[in-house]
Amino acid sequence: MLQKLDELFKEFQNTLNTINTQADVLNLKSEYLGKKGPISDILKGLKNATVEERKDLGPKANQIKNEIQELTVKKLAFIETEAINQKLASEKIDTSLLNSVMVHGQEHGGFHPITKIQQEIEDIFLSMGFGILDGPHIEDEFHNFEALNVPSDHPARDMQDTFWLQGSETPEGERHLLRTHTSCVQVHGMLANKPPFKFIAPGKVFRCERTDASHESVFHQLEGMLVGKDISVGNLIYFMKTLLSEIFKKEVEVRLRPGFFPFVEPGFELDIRCLICNGKGCSVCKQVGWVELLPCGMVHPNVLKAGNIDPNEWNGFAFGLGLDRLVMMRYGIDDIRHLQSGDVRFVSQFKSY
Ligand code: DAH
C-alpha cells in the first residue's frame, strides 16, 4: 500500500507537468483528492489494515495529500504569472516607433530643437542638484522690473522693448506686460524659497522688436539662480563651463567681459570661442571668433532684498541663457526666424536628433 501511494504521487506529478490551464490543474487535484479518488480509497481501506500498516499508512497518506495541495497551488500561481507575462509581452508598446517615419500611413512628429535642448539642459542641471521652476508669461512691473533693481525711471527699462497689456492696471496703478525675460522667475523663486537654493527656469519671453536674422519677438531663455554662503565668481565660472562643455560635448573655451545688467553686480558677458569656425572668424561670430552666449553675474544686493533675503548673510549668482542662439550654434542655423516659421521642412530635419 505504501508503494501504491508513492506511485500515485509520481503519477500526479507527471500529469501535472503536462497540463497548462488552471481548469485542468483543479480537475486533476479533485481527481486525486476527491471523495472517490484513489487516495480516499486507500484511506477508506485503512480500517481493514493491520495495526502495523495503519501506523505508517495514515501519516504517509496525509503527507501526500498535503504535497498534492502544495503543488497545485504552486502550479496555479505559475500559470497565472505566465499569463501576465505573455500579456505584457504581447501588449508591449515600442515607444521608439513614434520616431519612425510612418505609422498607419501618417508621418509622425518629433520634438522641436528648442524643446530638445531645453530638456537636455534641464537634465544637466538636475544632475547638479538644481530645481526647475516655471513662471507666468504675463507679469506685473514688480516682478519683471522693480524687484530686479530696475525702477520705473531707470534707463535700463528701455533696454528691453516691452509689450504692455492695455487695461491691465491694478487699482494701485500697477501695469501688466508680457515678460521680457525669464529673470522675473528669480523673484518668484526667492519669495517662495529659503536659502540656500539653486534652480533654473526655462521659458518663452517677449520683446516688441523688429525681427531680423538674429532677433525675434518671441524667443526662449533659461534663467539660473544659485543663492548660498560665500559664493564667488569662481563658482559661477565653474557651473557655466560645466554646462557648456556638457551641451557641446567638448571642452569649450570661454572668456568673461564686463556686462551691465541692473540685477547683477558685477555683471558679465560670457562668450564662447565660435564652434562653427573654431575662432577663425565667420558670419555666425561676425568675424570676431567669439560668440556672446551667456550673460551672468553676482546677484545684486537690492535683488536679494526684494526677494526677502538678507544680503549680509547670503549671496549668489544668476545667468540667462538664450536657447535660440544655442540651437543656432549647435546646428549651424543662420536665421533665427526659421525656428518659429512653422515650416515642416525645417523642423522635420531635427526628428532623428
Ligand atoms: N535678463 C537678461 C536679458 O534678458 C539676461 C540676464 C543677464 C539674466 C544677466 C541674468 C543675468 O540672470 O545675470 O537680457
Side-chain angles (χ1 to χ4, degrees), residues 1-113 115-134 344 347-348 350-353:
M1 291 263 239
L2 278 174
Q3 200 186 341
K4 182 88 204 298
L5 272 176
D6 279 333
E7 279 166 13
L8 274 173
F9 184 58
K10 269 223 163 69
E11 207 181 279
F12 171 83
Q13 279 180 309
N14 289 340
T15 323
L16 191 68
N17 284 339
T18 62
I19 56 181
N20 295 310
T21 70
Q22 294 192 325
D24 284 349
V25 174
L26 291 172
N27 282 339
L28 185 69
K29 181 186 134 189
S30 51
E31 200 182 295
Y32 276 77
L33 298 187
K35 281 202 184 88
K36 289 182 187 137
I39 298 184
S40 294
D41 278 350
I42 291 176
L43 288 175
K44 270 181 219 152
L46 272 183
K47 53 181 179 294
N48 302 325
T50 62
V51 178
E52 202 51 27
E53 270 177 329
R54 271 191 227 172
K55 206 176 82 205
D56 291 337
L57 215 52
K60 178 83 181 172
N62 277 329
Q63 179 206 334
I64 284 181
K65 251 172 124 172
N66 288 341
E67 278 179 33
I68 288 181
Q69 302 266 28
E70 244 171 62
L71 286 177
T72 308
V73 170
K74 273 195 190 142
K75 179 83 183 195
L76 287 174
F78 174 77
I79 292 174
E80 192 165 336
T81 314
E82 280 287 277
I84 291 172
N85 285 344
Q86 248 176 33
K87 203 164 171 206
L88 282 176
S90 67
E91 290 175 3
K92 197 162 105 184
I93 296 172
D94 181 356
T95 46
S96 67
L97 275 179
L98 293 177
N99 271 337
S100 69
V101 186
M102 301 278 255
V103 174
H104 304 312
Q106 278 203 321
E107 256 195 63
H108 250 284
F111 285 118
H112 191 282
T115 309
K116 282 190 182 171
I117 216 156
Q118 180 183 320
Q119 289 172 345
E120 241 174 75
I121 298 173
E122 285 177 0
D123 282 346
I124 296 170
F125 276 101
L126 281 173
S127 75
M128 297 196 282
F130 280 66
I132 302 179
L133 295 189
D134 201 7
V344 178
V347 281
S348 57
F350 302 96
K351 262 198 238 174
S352 55
Y353 281 106

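Positions are given from 1, in the same order as the sequence printed here. Predicted model, so just to flag it, every value in this text is computed and none were measured.
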Peer 1: Which value, rounded to the nearest 0.5 Å, describes the distance between Thr15 atom OG1 and Asn27 atom CG?
Peer 2: 12.5 Å
Peer 1: Counting C-beta onward and ignoring hydrogens, is there a side-chain heavy-atom pair between Leu76 and Glu80 closer than 4.5 Å?
Peer 2: no
Peer 1: Where do Ser40 and Gly34 come nearest, in terms of heavy atoms and distance?
Peer 2: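 Nearest pair, atom of Ser40 first, then Gly34: OG-O, 2.9 Å.
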Peer 1: As a quick check of understanding, evaluate side-chain contact (heavy atoms from CB on, under 4.5 Å) for Ile79 and Thr21, giving each step before the final call.
Peer 2: CA-CA 7 Å; Ile79 292 174; Thr21 70; 5.6 Å; no
Peer 1: A side-chain contact here means heavy atoms from C-beta on lying under 4.5 Å apart; do Gln63 and Glu67 qualify?
Peer 2: yes
Peer 1: Rounded to the nearest 0.5 Å, what separates atom NZ in Lys4 from atom NZ in Lys60?
Peer 2: 14.5 Å
Peer 1: Indicate the atoms forming the closest heavy-atom contact of Lys29 with Thr72, along with that distance.
Peer 2: CD-CG2, 3.6 Å
Peer 1: Compare every heavy atom of Leu5 with every heavy atom of Ile64, then report the nearest pair and how far apart it is.
Peer 2: CD1-O, 3.6 Å
Peer 1: What's the separation between atom CD in Glu120 and atom OG1 in Thr115, rounded to the nearest 0.5 Å?
Peer 2: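 It comes to 12.0 Å.
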Peer 1: Would you give the length of the straight line joining atom CG of Asp123 to atom CD1 of Ile132, rounded to the nearest 0.5 angstrom?
Peer 2: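 So the gap between those two atoms works out to 7.5 Å.
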Peer 1: Would you say Asn14 has more than 12 foreign heavy atoms packed within less than 6.0 Å of its CG?
Peer 2: yes
Peer 1: Should we count NZ of Lys10 as having more than 12 external heavy atoms under 6.0 Å?
Peer 2: no
Peer 1: Using distance alone, with no hydrogens and no angle criterion, decide if Glu82 and Gln86 have a side-chain donor and acceptor under 3.5 Å apart.
Peer 2: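 No - no donor-acceptor pair under 3.5 Å links their side chains.
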Peer 1: Would you give the length of the straight line joining atom NZ of Lys65 to atom CD of Gln69, rounded to the nearest 0.5 angstrom?
Peer 2: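 The distance works out to 8.0 Å.
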Peer 1: In Å and rounded to the nearest 0.5 Å, what is the NZ to OG1 distance from Lys55 to Thr50?
Peer 2: 10.0 Å
Peer 1: Can you list the residues that meet the ring-ring contact (aromatic ring centres under 6.0 Å, His included) rule with Phe9, with sequence neighbours excluded?
Peer 2: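 ring-ring contact (aromatic ring centres under 6.0 Å, His included) list for Phe9, sorted by chain: empty.
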Peer 1: Apply ring-ring contact (aromatic ring centres under 6.0 Å, His included) to Tyr32 and list each qualifying residue two or more places apart in sequence or on a separate chain.
Peer 2: Phe12
Peer 1: So which atom in Lys36 and which in Asp41 form the shortest heavy-atom distance, rounded to 0.1 Å?
Peer 2: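 Between these two residues, the closest heavy atoms are O-OD2, 4.2 Å.
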Peer 1: Should Ile19 and Val25 count as side-chain neighbours, where that means a heavy-atom distance under 4.5 Å?
Peer 2: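 Yes, side chains in contact.
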